[in-house]
Amino acid sequence: YQWHIWQKEEKPYTGLPLGFENRCYEVYTSTKPKMSGFQRDVGSILRSIGHSPKEEEMTQKGYSLDALVEVKGTKVGVEVDGPSHFIGRKPTGSTMLKRRQVADVEGIA
């Protein structure tokens, strides 16, 4: 499903057959995320500084964000990325793809 979104983002692409695209979306979004203690702490800190984070927010394309806040009219996605999102100090390919698609396709900073 991420490949499909990437293809639509990068070049003219007719897409998957609609029924198959819908099924891929359903499978992609069927796993319920688990909130870590660290994520809860980040949400508490956001609330303590005056924000109202929507936690474990799902975007229109099916990405799950740890938190979504609005700052001066701009939607800002907050991700609490642990070590599995990195190789050394560099983000993994899937983490980079998610960041780019959430920003470019979904319009979330």
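What you are looking at is a predicted structure, and each value in this text was computed from that prediction instead of being measured.
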Using every non-hydrogen atom in the two residues, find where Leu46 and Ala67 come nearest and quote the distance to one decimal.
CD1-CB, 4.3 Å
May I have all residue pairs that pass salt bridge (Lys or Arg N to Asp or Glu O under 4.0 Å) and include part of residues 69-83, sequence neighbours excluded?
Glu79-Lys98, Asp81-Arg99
d(Glu9 CD, Lys61 NZ) to nearest 0.5 Å is 10.0 Å
Separation of Asp66 CG from Arg40 CZ (nearest 0.5 Å):
11.5 Å
Rounded distance (nearest 0.5 Å) linking atom OG of Ser64 with atom CE of Met35:
9.0 Å
Between the CD atom in Glu106 and the OH atom in Tyr63, the distance rounded to the nearest 0.5 Å is 8.0 Å
Got more than 12 heavy atoms from elsewhere within 6.0 Å of CZ, Phe38?
no
Do Val105 and Leu97 share a hydrophobic cluster, counting only Ile, Leu, Val, Met, Phe, Trp and Tyr and linking them when any side-chain heavy atoms are less than 4.5 Å apart?
yes
Does Val71 belong to the same Ile/Leu/Val/Met/Phe/Trp/Tyr cluster as Ile108, with side-chain heavy atoms less than 4.5 Å apart forming each link?
no
First locate atom CD of Glu56, then atom CD of Gln39, and finally report the distance between them rounded to the nearest 0.5 Å.
5.0 Å
Rounded to the nearest 0.5 Å, how far apart are CG of Leu65 and CE of Met58?
10.0 Å
Do other residues, nucleotides or ligands put more than 12 heavy atoms under 6.0 Å from Glu10 CD?
yes
Shortest non-hydrogen contact between Pro91 and Met96, atoms and distance:
CG-CG, 3.7 Å
If you group Ile, Leu, Val, Met, Phe, Trp and Tyr by side-chain heavy-atom gaps below 4.5 Å, do Ile5 and Tyr28 land in one group?
yes
Please list, one pair per line, the donor and acceptor atoms closer than 3.5 Å that link side chains of residues 19-27 to other protein atoms, with sequence neighbours excluded.
unit_1: Glu21; atom_1: OE2; unit_2: His4; atom_2: NE2; d: 3.3
unit_1: Asn22; atom_1: ND2; unit_2: Leu18; atom_2: O; d: 3.4

Beyond-backbone contact of Val76 with Val69, side-chain heavy atoms, under 4.5 angstrom
yes
